[in-house]
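Notes follow once the structure below has been shown.
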Amino acid sequence: MNNLLRRHVISIYNNSVKLSFRSFADVPIKDKIDQIVKNNKVVVFMKGVPDAPRCGFSNAVVQIMRMHAVPYESHDVLSDENLRQGIKDYSNWPTIPQVFINGEFVGGCDIMLQMHQSGELVEELKKVGIKSALLTAEPPKDEEKK
Amino acid sequence: MVYTEGYLKEKLTKELDAVHVEVTDESDGCGAKFSVLIVSDKFNGKPLLARHRLVNTVLQEELKTIHAFTQKTLTVEQYKQKS
């Protein structure tokens, strides 16, 4: 009885695992990206990985994230051709890197840089409950201000 | 097709009614890396993302071959404040 039950449970488990694997592989790239950007507060699609970016623009975004000490998930588009094109279609944006906050496309390198400079990035991060490390850093001295 | 500074400047000026456009070829001549500054009142009231999307739309074809593209988008008012 016990054995029978166990076998039954295992077979249900196996089936569901197989099922979820199969369905994940078949999911259109759009839905996969949907899941990625909705399951993480901050996501960066880039060339290379944060420790070894393979493009200056991707590197710039990584540096900005580092300065603000933002926890984020990164995806390397160079290791997945499907994702490389898929992300461009998804956000209707022609270039990599791409940054998503709270499931929404925020911008590429230029926009991140300008948001960083204007202070807007700190505000956007605050909205999703991330406190930028720049807020706790030493405030700039008066003579450095313009 | 290799794009030139002059070509991009003309196209951006025309399509965006820009009062000032600076295009810099940073590719050492291969035409794949550009940086642009565009000053236009078409950017009035538009957030940064919308401005950049507008520029991307104008250069939709070109951006298929230009893979490194940096843009600054200012309204006439913002440009005056800067200079």
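Predicted, not measured: the structure shown is a model, and the values here were computed from it.
To the nearest 0.5 Å, atoms CG (A:Asp110) and CG (B:Leu49) are separated by 11.5 Å. Rounding to the nearest 0.5 Å gives a distance of 6.5 Å between OG1 of A:Thr95 and CG of B:Asn56. Taking OG of A:Ser91 as the reference point, atom CZ of B:Arg53 lies at 6.5 Å (rounded to 0.5 Å).
Hydrophobic clustering, with ILVMFWY side chains joined whenever heavy atoms are under 4.5 angstrom apart, groups A:Phe105 together with A:Leu125. The cluster map of Ile, Leu, Val, Met, Phe, Trp and Tyr, joined by side-chain heavy atoms under 4.5 Å apart, puts A:Tyr72 and A:Ile130 in the same cluster. Linking Ile, Leu, Val, Met, Phe, Trp and Tyr residues whenever their side-chain heavy atoms come within less than 4.5 Å places A:Leu121 and A:Trp93 in a single cluster. B:Val36 is connected to B:Val58 through a chain of hydrophobic side-chain contacts under 4.5 Å among Ile, Leu, Val, Met, Phe, Trp and Tyr, so both are in one cluster. Tracing side-chain contacts under 4.5 Å through hydrophobic residues (I, L, V, M, F, W, Y), one never reaches A:Ile36 starting from A:Val49; they form parts of separate clusters.
Nearest heavy atoms, A:Ile111 versus B:His52: CG1-ND1, 3.5 Å. For the pair A:Gln114 and B:Leu48, the tightest heavy-atom approach, listed with the atom from each and the gap, is OE1-CD1, 3.5 Å. Residues A:Phe57 and B:Phe69 share a closest heavy-atom pair of CZ-N, 4.3 Å. Across every non-hydrogen atom of B:Leu63 and A:Pro94, the tightest pair is CD1-CG, 3.8 Å.
The environment of A:Asn39 atom CG is dense: over 12 non-hydrogen atoms of other residues, nucleotides or ligands sit within 6.0 angstrom.
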